[in-house]
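To keep things clear, I will list the structure first and then write my remarks on it.
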Amino acid sequence: MTDDLLWLPFVVCHYINETGDYQILKLKEPYYDDPKIKATIFDHCTAAIERVLKRFSKRGLPLIGAGDWNDGLSAVGLDMKGESIWLAEFFYLVLKDFSSLCDDIGKKKLASKYLAKSKQLQKAFEKYAWDGDWFYRATKDNGEKIGSRKNKEGKIYLNAQTWSVISGIAAEDKQLRAMDSVTKLLLKKNGTLLLHPAYTEPDEMIGYLTRYAPGRRENGGVYSHAATW
């Protein structure tokens with residue numbers, strides 16, 4: 001799962017923005033996989049960011065692995081070649097926010113590094129992520145897109161559109177067009193669908209969400225937190 005570790009710096013930035021409590025960065029906590037080793041919260045955050053920076057494609061986009069936020073995309077990038085457009089949006093926001101935090105505490109060199117990385121990521125996103133009327137969701141290990149108008153099923157995914165706005169990574173005109181597509185294709189009376197149209201046949205290069213019945217759970221269902229985004 002290529003997104004899990006990034007929620008730590010994401011949440012830490014939000015916590016400090018709300019409380020002004022920079023002292024939390026000095027707290028020491030053990031690593032999950034080696035309790036004998038402790039590091040500060042700040043170092044845990046930077047370790048997470050540095051790990052993701054090593055998981056990039058040749059095109060400059062983050063790899064999806066066995067799933068990002070949507071763990072139903074469990075087979076998109078098992079060979080660590082498939083890319084995630086949603087993760088690019090999320091990571092861009094993390095890099096920007098954590099760069100600002102580093103600047104606040106006098107870590108100027110690290111602040112400059114992460115800001116530069118965010119700009120590089122934004123350029124790759126601008127070059128590759130747009131699908132015509134919305135942002136596609138990911139590429140499989142073989143380079144094939146999902147969440148694209150070229151797909152028979154799963155033409156549009158919700159999160160790639162909403163996070164283009166939340167993160168600010170996309171140009172405003174594309175943000176507006178993407179959200180118009182959400183309104184047109186995904187917004188229903190009971191909420192916004194996670195994707196559309198739902199998959200009717202399993203796809204071994206996408207993952208287990210294609211094995212759910214159409215409209216169930218990750219296969220085109222309504223997820224409350226994604227719908228809230």
Side-chain angles (χ1 to χ4, degrees), residues 1-4 6 52 55-92 121 124-167 169-170 174-175 177-182 184-188 192-223 225-227 229:
M1 303 305 296
T2 50
D3 73 308
D4 286 2
L6 288 176
V52 177
R55 297 173 174 169
F56 268 58
S57 71
K58 292 180 180 179
R59 301 199 302 174
L61 295 170
L63 302 176
I64 191 170
D68 47 24
W69 173 86
N70 192 335
D71 53 3
L73 300 175
S74 56
V76 176
L78 293 180
D79 293 333
M80 296 307 284
K81 295 178 183 177
E83 305 159 326
S84 171
I85 294 302
W86 173 80
L87 188 57
E89 297 166 340
F90 178 45
F91 193 31
Y92 172 80
L121 178 54
F125 180 87
E126 289 175 349
K127 185 174 181 179
Y128 297 114
W130 187 243
D131 195 60
D133 287 306
W134 57 80
F135 297 98
Y136 69 89
R137 181 60 172 82
T139 58
K140 301 178 184 178
D141 282 323
N142 64 4
E144 180 184 329
K145 294 179 181 179
I146 64 172
S148 168
R149 56 183 175 175
K150 296 179 180 178
N151 300 136
K152 180 181 177 182
E153 298 175 332
K155 288 177 177 290
I156 180 172
Y157 280 67
L158 175 62
N159 285 349
Q161 319 319 318
T162 56
W163 276 81
S164 74
V165 180
I166 293 170
S167 68
I169 192 173
K174 290 181 178 177
Q175 291 181 23
R177 287 175 67 183
M179 294 307 293
D180 283 344
S181 295
V182 168
K184 180 180 178 181
L185 300 172
L186 297 174
L187 183 60
K188 307 298 178 182
T192 41
L193 306 179
L194 210 52
L195 61 88
H196 177 80
Y199 296 95
T200 59
E201 297 179 5
D203 187 324
E204 63 180 11
M205 291 194 71
I206 292 181
Y208 73 74
L209 73 81
T210 64
R211 298 195 294 271
Y212 285 129
R216 294 283 292 174
R217 296 178 64 85
E218 287 100 330
N219 190 10
V222 174
Y223 259 56
H225 48 311
W229 290 339

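In this text the structure is predicted, and so the values were computed from the model without any measurement.
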Donor-acceptor contact present, side-chain Ser74 to main-chain Tyr208, <3.5 Å: yes
Asn70 side chain to Glu218 backbone, donor-acceptor under 3.5 Å: no
Atom of Gly220, atom of Leu193 and distance for their closest heavy-atom approach: O-CD2, 3.5 Å
Salt bridge (charged side-chain N to carboxylate O under 4.0 Å, His left out) partners of residues 199-217, not counting sequence neighbours, each pair once: Lys140-Asp203
Backbone N/O of Ile64 and side chain of Thr2: donor-acceptor pair under 3.5 Å: yes
Asp71: partners by salt bridge (Lys or Arg N to Asp or Glu O under 4.0 Å), with sequence neighbours left out: none
Non-hydrogen atoms of Ala124 and Gly60 that approach each other most closely: CB-O, 3.5 Å
Short side-chain donor-acceptor distance under 3.5 Å, Asp133 and Ser181: no
Main-chain N/O of Trp134 paired to Gln161 side chain as donor or acceptor, under 3.5 Å: no
Pairwise side-chain contact, Phe125 with Phe135, heavy-atom cut-off 4.5 Å (strictly under): yes
Test item: Arg177 and Trp130 side chains (from C-beta on) under 4.5 Å apart, heavy atoms: yes
Sole candidate of Lys145, Lys150, Lys155 that passes salt bridge (Lys or Arg N to Asp or Glu O under 4.0 Å) when paired with Asp131: Lys145
Within-4.5 Å side-chain heavy-atom neighbours: Trp229 and Leu158: no
Closest non-hydrogen atom pair, Leu6 against Leu87: CD1-CD1, 4.0 Å
Heavy-atom closest pair, residues Leu61 and Tyr136: CD1-OH, 4.4 Å
With Glu83 via salt bridge (Lys or Arg N to Asp or Glu O under 4.0 Å) - residues at least two apart: Arg59
Considering all heavy atoms, the nearest Val76-Ala138 contact: CG1-CB, 4.3 Å
Under 3.5 Å: donor-acceptor pair, side chain of Gln175, backbone of Val165: no
Separation of Asn219 CG from Leu194 CG (nearest 0.5 Å): 9.5 Å
Side-chain touch Thr192/Thr162, heavy atoms, less than 4.5 angstrom: no
Parallel, tilted or perpendicular: ring planes of Tyr157 versus Tyr199, cut at 30 and 60 degrees: tilted
Contact summary for Leu78 and Ala66, nearest pair of heavy atoms: CD2-CB, 3.8 Å
Verdict with reasoning, Arg137 to Ser84, per side chain to side chain contact (heavy atoms under 4.5 Å, CB included): CA-CA 6 Å; Arg137 181 60 172 82; Ser84 171; 3.6 Å; yes
Check: Trp86 and Asp3 side chains under 4.5 Å, non-hydrogen atoms: yes
